[in-house]
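So that the names make sense, note that chain A is the first sequence line, chain B the second, and so on, each numbered from 1.
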2 protein chains.
Amino acid sequence: MRKAEKKSSITLVDVAREAGVSAITVSRVIRTPHVVSERSRRKVEAAVEKLGYVPDAAASALASNRTDVIGLLIPSLTNSVFSDVLRGMYDEAENHPFSIQIGNFRYRPLTEEMLIGKFLRQKPAGLIVAGLDQTDISKGMLRAADCPVIQIMDYDASAEGDMIGFSHYEAGAAAARHLRDRGYRRIGFLGARMDPRTQRRLAGFNDALNGTDDPQQSKRVIVTSTASSVSLGAELLRELLVRAPDSDAIFCNNDDLAIGALLEAQRRGIRIPEDFGICGFNDLEMSKQMNPGLTSIATPRYEIGRLAISTIVDALSSDKASDPTRIDLGFTVVMRGSSARAVD
Amino acid sequence: MRKAEKKSSITLVDVAREAGVSAITVSRVIRTPHVVSERSRRKVEAAVEKLGYVPDAAASALASNRTDVIGLLIPSLTNSVFSDVLRGMYDEAENHPFSIQIGNFRYRPLTEEMLIGKFLRQKPAGLIVAGLDQTDISKGMLRAADCPVIQIMDYDASAEGDMIGFSHYEAGAAAARHLRDRGYRRIGFLGARMDPRTQRRLAGFNDALNGTDDPQQSKRVIVTSTASSVSLGAELLRELLVRAPDSDAIFCNNDDLAIGALLEAQRRGIRIPEDFGICGFNDLEMSKQMNPGLTSIATPRYEIGRLAISTIVDALSSDKASDPTRIDLGFTVVMRGSSARAVD
DNA sequence: TTGTAGGCGTTATCAG
DNA sequence: CTGATAACGCCTACAA
């Protein structure tokens with residue numbers, strides 16, 4: 001017989017009666033206290049306290065056509081990158097009355113499209129999407145959405161909409177230049193997953209090396225669509241050393257691959273950085289502990305998450321259409337032992 | 001003038017009119033198709049299709065006092081452990097019409113208490129909480145909740161409620177026995193965070209070593225309340241070697257610490273496994289790639305996540321109170337090079 | 001600054 | 001198996 005209890009819950013009307021005002025006044029005290037007189041506000045607050053009133057989110061959503069859910073669309077939960085982004089978001093969201101709901105589209109544009117539709121139908125307070133590479137249908141939905149929409153993790157001045165991220169193309173180019181600056185001349189690329197951001201890093205990498213004196217350059221690019229992992233880094237290094245044995249350095253898609261490659265190089269007795277240089281991407285916490293420390297490109301993942309939430313909160317609280325948010329947070333090349341070869 | 005458009009959305013009533021039935025019949029076709037006649041169902045389905053009807057979640061929640069949100073309470077987003085759990089949950093949830101909403105209580109019991117209250121007020125479809133160690137108030141709320149509640153990540157036959165996990169006490173004991181079996185006799189423990197599950201692993205570890213011939217045992221337990229990281233593993237190993245320099249093995253709280261300790265041992269020229277054995281916990285993907293491979297205790301994280309969702313789904317679909325769900329998924333000691341010392 | 005009236009889209013209830 | 005009638009608790013609009 002454990003059916004739902006007779007709902008004896010306290011409603012706005014109960015509070016209003018207790019406070020001697022109307023229901024709408026109670027509602028206003030809760031949502032927009034500044035438009036209510038000091039006196040009413042006090043009475044209402046006392047009544048809320050006394051009765052233990054708790055607003056009903058569903059009723060509010062139905063009446064206002066708006067929820068307090070911020071939707072987040074990410075391509076992967078495996079990727080350690082997104083755990084930092086999430087951390088930033090949750091840290092920031094803690095100060096605000098919003099809930100975060102995650103949709104995982106598994107690097108599949110059509111799944112993303114479906115999830116955008118699903119989220120939008122729930123009248124979210126805001127939407128955060130990873131990347132700038134949605135399908136045209138997705139882009140149309142995002143453009144038409146009547147809530148703030150922020151794209152994160154990437155930055156491209158020529159793309160439309162609000163965005164917080166950094167340029168993956170420039171990051172790839174910076175990695176290539178760093179390795180060249182350290183004297184490496186036959187530089188490879190190890191890449192997994194090959195999502196659009198990875199591809200832009202590769203493009204930047206290629207362009208930066210273009211016109212240098214390495215005729216074998218294109219043979220040194222080893223990529224796969226498989227998901228990234230430490231083991232895969234070891235595997236891709238082995239493949240590189242078969243296809244282009246004279247390679248003297250690599251830029252890896254991310255630190256997982258780079259760590260795998262570094263450990264594999266050690267097993268093969270390859271001296272790092274003397275004989276072979278390695279640069280990773282993302283700068284995970286563990287990278288600096290490797291022997292030698294892994295050179296990597298530090299990306300502002302936590303900050304992106306934090307800013308994404310605060311931007312949405314700001315957009316929601318200011319009535320006027322706020323300025324577009326287009327923030328390039330940049331990245332940093334962090335040199336450590338794995339590329340610290342002596343240069344004359 | 002970008003106010004909300006005149007809401008021209010299609011409602012149940014529109015569909016009902018189109019199909020020539022009543023609104024409630026449409027509602028039933030959507031929620032409980034089997035109680036509607038074949039004929040009505042067809043007509044309704046056609047109308048839904050034609051009009052592009054999409055149910056309104058808020059209205060449904062208000063009327064039924066129930067949402068499709070499964071709440072998840074975890075102590076950390078940093079911890080790589082939970083990303084596997086999440087992956088299992090999202091993979092399983094993909095087959096069902098539920099959304100997952102994550103609350104991060106940051107290892108703070110009072111934050112957890114607050115979040116449980118917040119979630120419960122939203123009338124969730126179900127609730128998943130990590131661990132068995134809630135405050136009394138939290139436990140009371142969970143007991144009184146009128147939705148399925150599952151505790152995950154831990155298993156204790158003497159605790160109440162539904163749970164899916166494994167015994168951390170046994171895992172700690174198994175690690176200690178493994179190291180002794182490999183001939184190590186002065187075995188330390190490195191621990192961070194020291195949440196309740198970690199403490200139970202330590203208890204199991206201590207009990208398993210109790211009565212052995214090591215008088216210094218207690219000096220070899222190095223713990224801190226700091227969050228776990230690879231760097232911290234290195235640091236704790238240094239501390240152990242100061243406080244008990246004759247130690248010949250360690251069991252680490254988790255693989256992050258173990259990897260940090262292994263890398264630090266390498267820097268110090270300590271031979272592993274000959275002079276020093278290491279056993280981690282969780283068996284991360286990277287652990288098998290270390291040089292030497294890291295012995296670890298594999299835990300069924302993905303499976304726990306998957307089962308947690310499917311258990312809730314099952315409980316929701318069967319009307320009758322289903323049997324209690326109390327599943328001990330166990331763990332596995334995976335021996336690799338870091339403890340593979342020759343034993344006579 | 002406050003209140004009145006009405007409706008948001010769905011589901012529970014109970015009768016047919 | 002189907003339907004009429006009432007909520008569900010709050011918010012928008014407008015008026016005072």
### Task
Measure from the side-chain heavy atoms of A/Thr11 and tell me the nearest of D/dC10, C/dA12, D/dC11.
D/dC10

### Atom-pair distance (CG on B/Asp56; P on D/dC8), nearest Å
18 Å

### Query
Hey, does the side chain of B/Arg87 reach the backbone of B/Arg301 with a donor-acceptor pair shorter than 3.5 angstrom?
no

### Task
Indicate whether the side chain of B/Ser310 and that of B/Arg306 have a donor and an acceptor atom separated by less than 3.5 Å.
no

## Note on the structure
Taken to the nearest whole Å, CG/A/Leu12 to P/C/dT4 is 14 Å

### Query
Does a side chain donor of either A/Thr135 or A/Glu113 reach within less than 3.5 Å of an acceptor in the other side chain?
yes

#### Entry: Within residues 18-45 of chain B, residues whose heavy atoms come under 4.0 Å of DNA chain C
B/Ile24, B/Ser27, B/Arg31

### Query
Within this structure, what is the NZ-to-C1' distance between B/Lys123 and C/dT11, rounded to whole angstrom?
14 Å

### Summary
To the nearest angstrom, the CG-P distance between A/Asn65 and C/dG7 comes to 17 Å

#### Entry: Salt bridge flag under 4.0 Å for residues B/Arg197 and B/Asp156
no

### Query
When you look at B/Arg108 and B/Glu112, which way does the salt bridge (Lys or Arg N to Asp or Glu O under 4.0 Å) test go after all the steps?
CA-CA 6 Å; B/Arg108 297 189 297 223; B/Glu112 180 178 31; over 6 Å; no

### Message
With a 3.5 Å distance limit and no angle check, can you tell me whether B/Tyr90 reaches the backbone of A/Ile102 through a side-chain donor-acceptor pair?
### Response
yes

### Task
Check the distance between D/dG9's P and B/Leu62's CG and give it to me in whole angstrom.
7 Å

